[in-house]
Amino acid sequence: MNAVKLKETGKGGGAAAAAAAAVTLEELRKKMADFARERDWEKYHSPRNLLLALVGEVGELSEIFQWKGEVPKGLPGWEERETEHLGEELADVLLYLVRLSDMCGVDLGKAALRKIDLNARKYPAGPGCRPSKKGVHCSDDTGDSRDDHGDVVAVVRADEIKEEHAS
């Protein structure tokens, strides 16, 4: 699995956070596998059970934000304990996701990089691109519209459709 760098935020954490300043998904996968094996929990770690546990943790994560309205980047005004609790719930979600991917035989790092590449093609960057209900559509310098795959598509105005059906 690919490396994921975690940076020390300076808020809480102590020695454990400093030790986790840089960790790979593979290290997390191994630690989770060892953790489950040492407790004889492997028999409970079916993909279904792990998914349900993951969903439960996402629910706990959601509760943190439930009544806060829009929260600005950096969480200004949050108390240290709130930020620490958020980190714990984010970690629970990550750890269950890593364990689930391991039990399913999916290399999570490679899958994530592949998905980023697919999304970059599906949602290209640029000033002529705009989101729509069916994805992202871009216009090039000629005014041609392009679909999600970059292919030129015909642009038909509503009045042209009405004229065609009226005759």
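Because the structure is a prediction, the values reported are computed rather than measured.
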Please round to the nearest 0.5 Å and tell me the distance separating atom [atom1] of [X] and atom [atom2] of [Y].
X   : Y    : atom1 : atom2 : result
L95 : F35  : CG    : CZ    : 9.5 Å
R29 : D107 : CZ    : CG    : 9.5 Å
E79 : H85  : CD    : NE2   : 13.5 Å

R39 atom CZ: more than 12 heavy-atom contacts under 6.0 Å:
yes
Can you name the residues that form a side chain to side chain contact (heavy atoms under 4.5 Å, CB included) with [X], not counting sequence neighbours?
X    : value
A53  : Y96
N119 : K115, Y123
L118 : R114, R121

Of all heavy-atom pairs between [X] and [Y], which one has the smallest distance, and what is that distance?
X   : Y    : answer
P47 : L100 : O-CD1, 3.4 Å
L50 : H45  : CD1-O, 3.5 Å
V98 : S101 : O-OG, 2.8 Å

Sorted by chain and number, sequence neighbours left out, ring pair (Phe, Tyr, Trp, His ring centres under 6.0 Å) with Y44 holds for none
Quick check: is [Y] connected to [X] through a chain of hydrophobic side chains (ILVMFWY, heavy atoms under 4.5 Å apart)?
X   : Y    : value
L90 : L108 : yes
V93 : L75  : yes
L97 : V55  : yes

Evaluate salt bridge (charged side-chain N to carboxylate O under 4.0 Å, His left out) for D102 paired with R99, printing each intermediate quantity in order.
CA-CA 5 Å; D102 186 28; R99 184 71 174 149; 3.7 Å; yes
Using a 3.5 Å cut-off and no angle test, enumerate the donor-acceptor pairs between side-chain atoms of residues 58-72 and protein atoms at least two apart in sequence or in another chain.
residue	atom	partner	partner atom	Å
S62	OG	V58	O	2.9
K68	NZ	E82	OE2	2.8

Using the salt bridge (charged side-chain N to carboxylate O under 4.0 Å, His left out) criterion, which residues pair with R81? Sequence neighbours excluded.
E84, E88
